[in-house]
Amino acid sequence: MSEGHRLERLTSILRRRGVILPSFEIYGGVSGLIDYGPVGARIKRKVINSWINHWMEMGNVVEVDSPTITPESVLIASGHVGEFNDLMIECLSCNNAFRADHLIEHIHENSESIMAPDMDKIINDNSINCPNCNESQWNESKPMNLMFKTGIGAMKDQRTAYMRPETAQGMFMLFPSLYRHFRQKLPFGAIQTGKGYRNEISPRQGMIRLREFNMAELEYFIDPKNPPKNDLSKYVEKICMIPDPDSDFDTKCEISFSDALEKGIIRHPTVALILYETWNFLINLGLNANKIRFRQHSSTEMAHYATDCWDCEIHGEYGWIECVGIANRTCHDLQSHENYSGTNSLRAWRAFDEPQIENKKIISPKTSVIGPIFKGQARLVINALKEYDIGEINQLETLELSNGDKVEITKDMFEIKQIENSISGEWFIPHIIEPAFGIDRIIWHLLDHSYEETQKEGENYSVLKLNDLVCPIDAIILPLFEKDGMGEIASELTKSCNHLNGIKVEMDTSKSIGRRYARADEIGIPWAITVDHTSLEDDTVTIRRRDDQVQIRVGIDELLINLRDKTIEKLYK
RNA sequence: GCGCCUGUGGUGAAGGGGUUAUCACCUGAGGUUUCCAACCUCAUGUCCUGGGUUCAAAUCCCAGCGGGCGCACCA
C-alpha cells in the first residue's frame, strides 16, 4: 500500500468519509473529544442497539436511563470524589510527576486523605527523595480532579455536582424501583447506555482515551447465597485467557468458559456467564475472535472490594486495549450507599426454606404499672428495660435512662416471658456482577478489524467489511445513469426501501458506477443495488455483494422482501 | 503535567524569508459514458491561533491550541 502506516490511512478514511472526526476543529479542536459524523453516528447507533438487544435477550434485564449530572454526595459514597482527587507533586530537579500519597505511604497511614498544604509539609519535613533522581526539591502539590465539576442551581446555594464518571451509580440509585419491577425476585439486571466523563490528564491514541465517552453497563444483581444456575457446558469454544499472575494457573491459556469455571480460574459462575455473553456480543458485532482475550486482574490491581475482575482486551493498531471491564463488585456499592445515605431500601429479602423458630426469653415491661408511676418518662423507662441484660435483670434496682436520669425499678414493673419467634427470612444486600463496555473503543476496533486494504486492477482499494448488524446504511441505490427513467426508478426504489421497518438506504448518482461502488465499499455498505437499462423493461435490478463483488439480478419485489428480512445473502445460493 | 518530534485545501504530501503557494487523490457543478476509483471543463484554502523579528513570514523566534511517541497518570 502507499506510504505511511495502516493506522494513518484508516484515520484518513474515517475523517474523509464522515465516520469519526476531531470535535470543534474550526476553534482548534479539543483533545479527548470526538465527533461521530453522518456515517459514524449510524454505526454507533447500531452498535448500541445491538448491545441493548443482546442483554435484554436474557429476559430478566431492563433498560434504564439516569442523569449524567450527579450530586456530589452520590460520588462521595461511591468513592469517586476521594479517588478522583489525588494530589500530584512534581520534582523540580527532574520534572517527573508523582502521586504525592504514594511518596509518603510508608510514613503515613492515611496518606490519601491529606490535604495539599499538609502534604507539602510532610514531604518537606521528611525530606522525601524523588524516586527517579533522588533529589528532594519539590514543587507544591496540586489536586488532580479527574471529574468534571459543576453546580446545580444558578446563583449561590449551588449544590456541588459532577458529570458522572460511570453510568453505574444511576442504576444503584434505581435499585428499589428495579426490585419492585421484578416482583422482588433476584437475579435481575439493569442496563444503561450513555455518556461518561473523565477529565483525563493526557488523552492519547485517537479515540481510545476520551474525555467524554460512550459507555454501556449492565448491573446484574444476584443473591450471593443462591447465585443463579447457568449451564455453561454447551460453551465449548476455546478462548484466550490470561489468569491472575498471582494464582497457580498458567500465564496464558486457551480454554472454554465452562472449563475455566470448573478449574477455578473464573471464580464465580455468574462472572463466567457474563464473560461468555460479552464474548458472544463482540463476535456477533463482527470483531475478530483471534484478537479478543480475557485478562484477569491480579489481586493487587483489583479494587479492594472486588473479588474477580476481568478485562476483555481487543487487539488493534494500538496493541491490546481494554474494551470491557467485568467485575464482581459484591455488595460494595449498595453497602456504601446504605451507609452514607442511611437508607434501608437497598436490600433484598431472602426467605428461608423453612421458617426458623427462635425460642428466647425477653424482658416484658408491664406498661400498666410503669405508666402511672413514671408518666412522661414511661416511654424511656420501657425502652431501657427492654435493652437491659436479661441475665442481670433480677438484681436491677437503679436503671439509667437514655437521657441520663436514674430511676428506681421494682420487680412488679416487668416480667420475664418465654416467647417463640418465627423468622421466615432475612434482608441482605445483593451482590453485583458488572460488565462495563467502552463503546467508542469497541467501535474503533470494529472499524480496525473490518478495514481491509487490497489491490484492485493495480490500485489501492479499501473495504470496510461491516456486517448487517452494524453497517451504517443497509444498501446503496445506484442508477447506472440518470436518464431514460433510471433516475426515477432509483428514487422510487429508495423511497420503498426506506419505508421498510429498520432499513435505511441512500441513493448515489454522482460519477461513474465504479467510483460509486468504491465509495460504498469504503463505508461498509454491504449491498449495492443498480438500476440499469434492463430495469426499465422488466422491473429487475442487480445486487452487488460488497465482499466479493458478485452480482445477481432480482425483481424489485423480491429485493424489497429480502432486504426487509435481511435475507439477501440467501438469494446467492 | 514533563521531554522529544510535529501542524500547508476534505485527505495525503511539496515549498525552509521575496510575484498570484504547488501536486495527487477526494468532494461538488457541467459534459461524456451501457456495471467496478475512465476522460474533459470548472469550482472549493483561517498555510493551526496569537504575538514578535523584518522593507517583506507558510518559512525565523516566543506563547497558546491540536496531533504523535516516551515518562508519569489511568477509580
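By convention in this document, chain letters (A, B, ...) are assigned in the order of the sequence lines, proteins followed by strands, and residues within each chain are numbered from 1.
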Across all strands, who's sitting opposite [N] as a Watson-Crick or G-U wobble pair, both distances under 3.5 Å?
N	value
B/C2	B/G70
B/A43	B/U27
B/G17	none
B/U32	none
B/A58	none
B/U49	B/A63

Among B/G67, B/C35, B/U11, the nucleotide that comes nearest once only the side chain of A/Tyr517 is considered: B/C35
Nearest to side-chain heavy atoms of A/Asp532, which nucleotide of B/A37, B/U34, B/C35: B/C35
Would you call [X]-[Y] a salt bridge at under 4.0 Å N-O?
X	Y	value
A/Glu569	A/Arg545	yes
A/Glu453	A/Arg9	yes
A/Arg516	A/Asp508	no
A/Arg553	A/Asp532	yes
A/Asp448	A/Arg6	yes

Partner set under ring-ring contact (aromatic ring centres under 6.0 Å, His included) for A/Trp444, not counting sequence neighbours: A/Tyr318
Residue whose closest nucleotide on RNA chain B lies nearer the 5' end, A/Ser31 versus A/Ser512: A/Ser512
Residue whose nearest RNA chain B nucleotide is more 5′ - A/His533 or A/Phe213: A/His533
Inter-nucleotide [atom1] distance ([N], [M]), Å rounded:
N	M	atom1	result
B/G12	B/G68	P	13 Å
B/G7	B/C48	C1'	6 Å
B/U49	B/U6	C1'	16 Å
B/G70	B/G9	P	26 Å
B/A63	B/C71	C1'	24 Å
B/U33	B/U8	C1'	36 Å
B/G45	B/A37	C1'	25 Å
B/G18	B/U32	P	46 Å

Contact letters for nucleotides 24-30 of chain B, in which S counts primed atoms plus P, OP1 and OP2 and B counts the base, heavy atoms under 4.0 Å: --SSS--
Please determine whether any donor N or O and acceptor N or O are separated by less than 3.5 Å between the side chain of [X] and the base of [N].
X	N	result
A/Arg516	B/C36	no
A/Tyr27	B/C65	no
A/Gln551	B/C35	yes

Syn/anti label of B/G50 as read from its glycosidic torsion, with the cut at 90° from 0: anti
Check: A/Arg295 side chain, A/Asp244 main-chain N or O, donor-acceptor pair, under 3.5 Å: no
Side-chain donor/acceptor of A/Glu217 to backbone N/O of A/Thr167, under 3.5 Å: yes
Sugar-phosphate only, base, or nothing, as touched by A/Ile26 at under 4.0 Å among non-hydrogen atoms: base
Please tabulate, one pair per line, all N/O donor-acceptor pairs under 3.5 Å involving side-chain atoms of residues 27-37 of chain A, not counting sequence neighbours.
from: A/Ser31; atom 1: OG; to: A/Arg211; atom 2: NH1; distance (Å): 3.1
from: A/Asp35; atom 1: OD1; to: A/Ser23; atom 2: OG; distance (Å): 2.8
from: A/Tyr36; atom 1: OH; to: A/Asp440; atom 2: OD1; distance (Å): 2.6

Of residues 472-482 of chain A, the positions that come close to RNA chain B - non-hydrogen atoms, cut-off under 4.0 Å: A/Leu480, A/Phe481
Residues touching RNA chain B, which here means a heavy atom under 4.0 Å, drawn from residues 34-45 of chain A: none
Derivation of the side-chain contact (heavy atoms from CB on, under 4.5 Å) call for A/Arg441 and A/Glu322: CA-CA 8 Å; A/Arg441 291 181 175 188; A/Glu322 174 198 352; 4.1 Å; yes
side-chain contact (heavy atoms from CB on, under 4.5 Å) evaluation trace for A/Val271 with A/Gln296: CA-CA 11 Å; A/Val271 172; A/Gln296 189 172 36; over 6 Å; no
Near-ring test A/Phe148/A/Tyr162, centroid separation under 6.0 angstrom: no
Pair up each side-chain donor or acceptor in residues 521-531 of chain A with any protein partner under 3.5 Å, not counting sequence neighbours, and list the distances.
from: A/Asp521; atom 1: OD1; to: A/Arg544; atom 2: NH1; distance (Å): 3.1
from: A/Asp521; atom 1: OD2; to: A/Tyr461; atom 2: OH; distance (Å): 2.5
from: A/Asp521; atom 1: OD2; to: A/Arg544; atom 2: NH2; distance (Å): 2.9
from: A/Glu522; atom 1: OE1; to: A/Arg17; atom 2: NE; distance (Å): 2.5
from: A/Glu522; atom 1: OE1; to: A/Arg17; atom 2: NH2; distance (Å): 3.0
from: A/Thr530; atom 1: OG1; to: A/Tyr517; atom 2: OH; distance (Å): 2.9

